[in-house]
Amino acid sequence: MPLLRRLTSLLGPSQAARELQWIKKHALQARLSVEDLVDRRMRDEPLQYILGTQPFGPLDIRVRAPVLIPRPETEHWTIKLSEAVSPTPAKPFRLLDIGTGTGCIPLLLCHLWPKGSVSACGVDVSDDALTLSRENAKAHGFERGPVDLELRNTFQAVRANILDPAFTTSVDPPYDVVTSNPPYIPFHEYLDLPRSVSRFEDPKALFGGPMDGLDFYPAIVKVLTQDGFMNRNGIVALEIGHQQGEDVHKILKQTGKFKEISIWNDPWGKQRTVFAKM
Ligand SMILES: C[S@@+](CC[C@H](N)C(=O)[O-])C[C@H]1O[C@@H](n2cnc3c(N)ncnc32)[C@H](O)[C@@H]1O
């Protein structure tokens, strides 16, 4: 069957035509067979894994299974965060990103904030994610060198488990900003995920645990409200599932450590991020 007809049976005519164009372009550049790439797509592999990149703001982020593909919702709040608070080289931020995946959140902030204003650390439990985030940092010129003489923003990836009581010994507080898009999908939704997600993306990146997918938030909030973990006026931005806003707001409020807590919507009008200032 012709390639376009095969893809149309999966994607409908207009999406099939668009994807075939991208697949052909990538096949030519990477010297791969178009037929093989279309076969992969017909087996439900996400287009981003086939093409190897996903735009995230102005950055092209490398993606590779099983590391989570950065989502447009995350891109949207990361840009909003970059506008809501702004470090300067005279008052630089130390940033911690928990569950960094490809490194998309801290790397976009490194790109958007002024040179020499942020030193970022991304932590993850997945070796695939740590390797890929380092590749992305290098590709965009943010990898931390042994001695940094230039005025630039930097990123380093560190293996650390936020659910481990010894988490703080793996990182280097204090931080000015903590970001996280933790796994938050509840079990009942996890079972209904499209096959392109459940068969290719790491379950560790998706499933948020048996407490309705909310298991990571108390662990994150416990760490960042420990004495000395955040600098004065610390900022927190946590991505949430669309029905988790009130619960996560409550988890932060109960600590009594936040002056301001707000919930940001995504471009589709769904609650997507809890933003808080200490
Ligand atoms: C939803 S993904 C987010 C990835 C990336 N930040 C993004 O927005 O595209 C969650 C990430 O958390 C990581 N993760 C899962 N459990 C973790 C844990 N206990 N400690 C640290 N990271 C964890 C996963 O490996 C995954 O990369």
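Each ligand, and each atom within it, is numbered from 1 in the order the structure gives.
- Glu45 places no side-chain N or O within donor-acceptor distance of the main-chain N or O of Arg40, the cut-off being under 3.5 Å.
- Listed by number with element, the atoms of ligand 1 under 4.0 angstrom from any heavy atom of Ser126 are 25 (O).
- Proximity of a side-chain donor or acceptor of Arg43 to a complementary backbone N or O of Val38 within less than 3.5 Å is not detected.
- Polar contact check, Asn181 against ligand 1: a nitrogen or oxygen pair lies under 3.5 Å apart.
- For the pair Asp44 and Arg195, the salt-bridge criterion is met [side-chain N within less than 4.0 Å of a carboxylate O].
- Checked by atom type and distance alone, the side chain of Asp202 never pairs as donor or acceptor with a backbone atom of Val67 at under 3.5 Å.
- Comparing Ser170, Gly101, Cys104, Pro183 against atom 9 (O) of ligand 1, the shortest heavy-atom distance belongs to Cys104.
- Of all atoms in ligand 1, listed by their number and element, those nearer than 4.0 Å to a heavy atom of Pro70 are 9 (O).
- Of all the atoms in ligand 1, the ones that sit under 4.0 Å from a non-hydrogen atom of Thr100 are 5 (C), 6 (N).
- When hydrogens are left out, the protein atom nearest atom 15 (C) of ligand 1 is Lys204 O, 3.2 Å; that is the closest non-hydrogen contact.
- Judged by distance alone, with hydrogens and angles left aside, the side-chain atoms of Asn153 form a donor-acceptor pair with the main-chain N or O of Gly116 at under 3.5 Å.
- Ring centers of Phe207 and Phe187: under 6.0 Å apart, within the cut-off.
- Applying the 4.0 Å criterion to heavy atoms of Phe216 picks out, from ligand 1, the atoms 16 (N), 17 (C), 18 (C), 19 (N).
- Scanning all protein heavy atoms for the shortest distance to atom 2 (S) of ligand 1 gives Ala205 O, 3.4 Å.
- Side-chain N/O atoms of Arg18 and Gln15 include a donor and acceptor closer than 3.5 Å.
- Residue contact annotation: Ile98 has no non-hydrogen atom under 4.0 Å from ligand 1.
- The single protein non-hydrogen atom nearest to atom 20 (N) of ligand 1 is Ile162 N, 3.0 Å, given as residue, atom name and distance.
- Ring centers of Trp113 and Phe93: under 6.0 Å apart, within the cut-off.
- With ligand atoms numbered from 1 in the order given, ligand 1 contributes 14 (N), 15 (C), 16 (N), 17 (C), 18 (C), 19 (N), 20 (N), 21 (C), 22 (N), 23 (C) to contacts under 4.0 Å with heavy atoms of Val125.
- For atom 27 (O) of ligand 1, the nearest non-hydrogen atom from the set Leu206, Thr179, Asp124 comes from Asp124.
- Close contacts of ligand 1 with Thr74, meaning ligand atoms under 4.0 Å from a residue heavy atom, involve 8 (O).
- Looking only at protein heavy atoms, the nearest one to atom 11 (C) of ligand 1 is Gly99 O, 3.5 Å.
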Intermediate values then yes/no, ring pair (Phe, Tyr, Trp, His ring centres under 6.0 Å), Tyr175 and Phe229: CA-CA 6 Å; Tyr175 294 100; Phe229 196 84; 5.6 Å; yes

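- With ligand atoms numbered from 1 in the order given, ligand 1 contributes 20 (N), 21 (C) to contacts under 4.0 Å with heavy atoms of Ala160.
- At least one heavy atom of Asn161 sits closer than 4.0 Å to an atom of ligand 1.
- Judged by distance alone, the side chain of Asp266 and the main-chain N or O of Gly269 form a donor-acceptor pair under 3.5 Å.
- Shown here is Lys80, whose NZ atom has more than 12 heavy atoms of other residues, nucleotides or ligands within 6.0 Å.
- At under 3.5 Å, not a single nitrogen or oxygen of Leu68, backbone or side chain, sits near a nitrogen or oxygen of ligand 1.
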